Amino acid sequence: MEYSHIIVRYGELTLKSGNRNEFLKKLTKNIKLNLRGLKGYHIQTKRDRMYIHLDTNEYVDDILLKLKRVPGIHTFSPVLRSVLDVEKAKETIDLLLETKKDKKYKFKIQTKRPNKNFVYNTNDLNNIFGSHVLTNYSNLKVDVKKPDFIINVEVRSEGIFIFTDFIKGVGGFPVNTSSKALLLLSGGIDSPVAANMLQIKGVEVEMIHFQSPPYTSPAALEKIFKLTQKLSETVGAIKIHVVNFTKLQTEIVKRIPSNYTMTSTRRFMMKIAEQLAIKEECFAIATGESLGQVASQTLESMHCINNVTNLPVLRPLLTMDKVDIIKIATEIETYEISNLPFEDCCTIFTPKSPKTKPKLEKILEYEARDDYSSLVNEALDSIETYLVSKDGVTALNNISEEKELKEEDFSNLL
Ligand code: ATP
Ligand code: MG
């Protein structure tokens, strides 16, 4: 048996019908990006679904695997197509049933007939195909309530599509159909997962990473690039800003009482992120924080940290359990990279007993004792920006260069 097509369904996309054309263009481009390197297919994008025509089945397993991760795809099905003729459709059902001869199964026929010109109606078709199967396959019995598999038959103007599986995609919206957010990316497990969750909802994610050389090593930065590169495989090139945080962080550790240094460090990270977010036209800041996971991730602590910015701070993992976060990290293949043993700037300076319930008045008082503005500006000036794609890391000098590189990333797909 050879599948002729893969049908891709958009789901949620239909809700935003005003932007549909742009959405579909982005989705098509993004699917091509994800299928890069695979051959033997071409894409036909229609208003309500997409057909991936398969010239060969050599790559079909790889294609199906890749489609599972593309934002904006609700479900998809590898299908067989017959011409608009019931006898031919029966032969096609026989092909599909080649793999169902090994034991007894309960089945059900489910016909849809968007092509209202077809001679038979849905009931007729269910009966015709049902009795065909019952007559020719003694191991198969009808069970409409609890079938082991469903034979889906869709009669359309392009032909009759026949398939058993609805494979679940990640859902959401096509990449970069929403505005930008600036995500604080550490080398841990959580923040790459947070990035992925926002990307699935169509948000374009830029990264900001704080490093403190020589306390953090070049290998730690390499790990950050690797994480970003892994994320870029599904969404295309990602911009990352690297801040030299050493001086500011050292001063914080010197000047702020030790049980508050963690809170203060986070506040300064957030302050710097806010400045950059405004410059980069990001409408929100995002983090990988999850309630209760560590000392700095209590509501009291988030209250103190948020106080430095008016931008919304998105925390997609807020209420998630670690096991579920790890599950996603494993699926998106960032888990192994996150587990590489390189230090983060926060862990190096972690005080023995950080306040789990910091008080805003206290931290404001401690920070008011000194003027940190020139240190903040210095950190902002130190920012180095890179564009990370599947093919590597490129330092960015100006905006036009960024646009050019992003387009280049897609150019061989068009
Ligand atoms: P993660 O696994 O994402 O590092 P974590 O459980 O280790 O999370 P923390 O180290 O407390 O938690 O970090 C909380 C959040 O703060 C991270 O998810 C990330 O968004 C941000 N963060 C921490 N360290 C850095 C850093 N060096 N650069 C940028 N963001 C950071
Ligand atoms: Mg961390």
Side-chain angles (χ1 to χ4, degrees), residues 181-198 205-213 215-217 219-225 227-228 230-231 238-246 248-249 252 261-274 276-277 282 284-302 304-306 308-309 311 313-326 328-330 332 334-351 354-356 358 379 382-384 386:
L182 183 65
L183 180 117
L184 279 81
L185 182 70
S186 69
I189 295 163
D190 303 323
S191 43
V193 173
N196 175 258
M197 289 177 77
L198 291 170
V205 177
E206 277 189 21
M207 311 293 188
I208 180 169
H209 173 68
F210 295 84
Q211 60 164 356
S212 292
Y215 305 105
T216 57
S217 63
L221 183 60
E222 208 42 53
K223 176 179 171 184
I224 295 297
F225 286 144
L227 284 169
T228 310
K230 183 45 86 179
L231 290 165
I238 296 174
K239 209 164 153 186
I240 173 161
H241 309 271
V242 180
V243 186
N244 186 323
F245 202 42
T246 316
L248 182 50
Q249 196 171 12
I252 294 168
T261 53
M262 180 62 100
T263 316
S264 193
T265 305
R266 288 292 146 88
R267 281 165 55 84
F268 280 104
M269 281 185 170
M270 198 55 88
K271 227 177 246 184
I272 292 167
E274 183 192 52
L276 182 69
C282 296
I285 295 171
T287 78
E289 288 164 298
S290 175
L291 254 182
Q293 223 184 67
V294 289
S296 62
Q297 300 182 14
T298 59
L299 285 181
E300 288 84 349
S301 173
M302 288 176 203
C304 289
I305 297 167
N306 272 50
V308 302
T309 178
L311 286 179
V313 180
L314 311 177
R315 297 181 169 92
L317 312 185
L318 189 75
T319 61
M320 281 177 75
D321 289 334
K322 194 77 182 182
V323 281
D324 297 317
I325 298 171
I326 290 177
I328 299 178
T330 310
I332 64 173
T334 53
Y335 185 62
E336 251 177 59
I337 308 171
S338 294
N339 272 340
L340 294 171
F342 301 112
E343 64 297 319
D344 184 66
C345 68
C346 293
T347 36
I348 288 170
F349 295 98
T350 305
K355 262 254 176 290
T356 51
S382 78
I383 292 178
E384 286 178 359
Y386 304 86

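Ligands are counted one by one from 1 in listed order, and the atoms in each one are counted from 1 as well. Bear in mind that the values here come from a model prediction, so they are computed numbers and not experimental data.
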Counting only nitrogen or oxygen atoms and a 3.5 angstrom limit, does [X] reach ligand 1?
X: Leu184; value: yes
X: Pro192; value: no
X: Phe210; value: yes

Identify which of Gly288, Ser191, Gly188 has a heavy atom lying nearest to atom 3 (O) of ligand 1.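 Going through Gly288, Ser191, Gly188 one by one, Ser191 has the nearest heavy atom to atom 3 (O) of ligand 1.
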Hey, looking at atom 13 (O) of ligand 1, which of Gln211, Gln249, Arg266 has the closest heavy atom?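 Looking at heavy atoms only, the winner is Arg266.
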Which atoms of ligand 1 are found less than 4.0 Å from any heavy atom of [X]?
X: Thr287; result: 20 (O)
X: Ile208; result: 29 (C)
X: Asp190; result: 1 (P), 2 (O), 3 (O), 5 (P), 6 (O), 8 (O)

Would you tell me whether Thr356 and Thr298 have side-chain atoms, one donor and one acceptor, within less than 3.5 Å of each other?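 On atom types as modelled, these side chains do not qualify, holding no pair under 3.5 Å.
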Could you check whether Arg266 and Asn306, counting side-chain N and O atoms only, form a donor-acceptor pair closer than 3.5 Å?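 Looking only at side-chain atoms, Arg266 and Asn306 do not form any donor-acceptor pair under 3.5 Å.
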Residues forming a side-chain hydrogen bond (donor to acceptor under 3.5 Å, both in side chains) with Glu300, sequence neighbours excluded: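 So Glu300 forms no side-chain hydrogen bond (donor to acceptor under 3.5 Å, both in side chains) with any residue.
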Please check if the side chain of [X] supplies one atom and the backbone of [Y] the other of a donor-acceptor pair under 3.5 Å.
X: Ser191; Y: Leu185; answer: no
X: Thr309; Y: Glu274; answer: no
X: Glu384; Y: Val242; answer: no

Specify side chain, backbone, both or neither for Leu183, according to which of its non-hydrogen atoms lie closer than 4.0 Å to ligand 1.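 Leu183 to ligand 1: no contact under 4.0 Å from either part.
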Classify the contact between Gln297 and ligand 1 as side chain, backbone, both or neither, using a heavy-atom distance cut-off of under 4.0 Å.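 It is the side chain that touches ligand 1; the backbone stays farther off.
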For Tyr335, check ring pair (Phe, Tyr, Trp, His ring centres under 6.0 Å) against everything at least two apart and list the hits.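 In terms of ring pair (Phe, Tyr, Trp, His ring centres under 6.0 Å), with neighbours along the sequence ignored, Tyr335 is linked to no residue.
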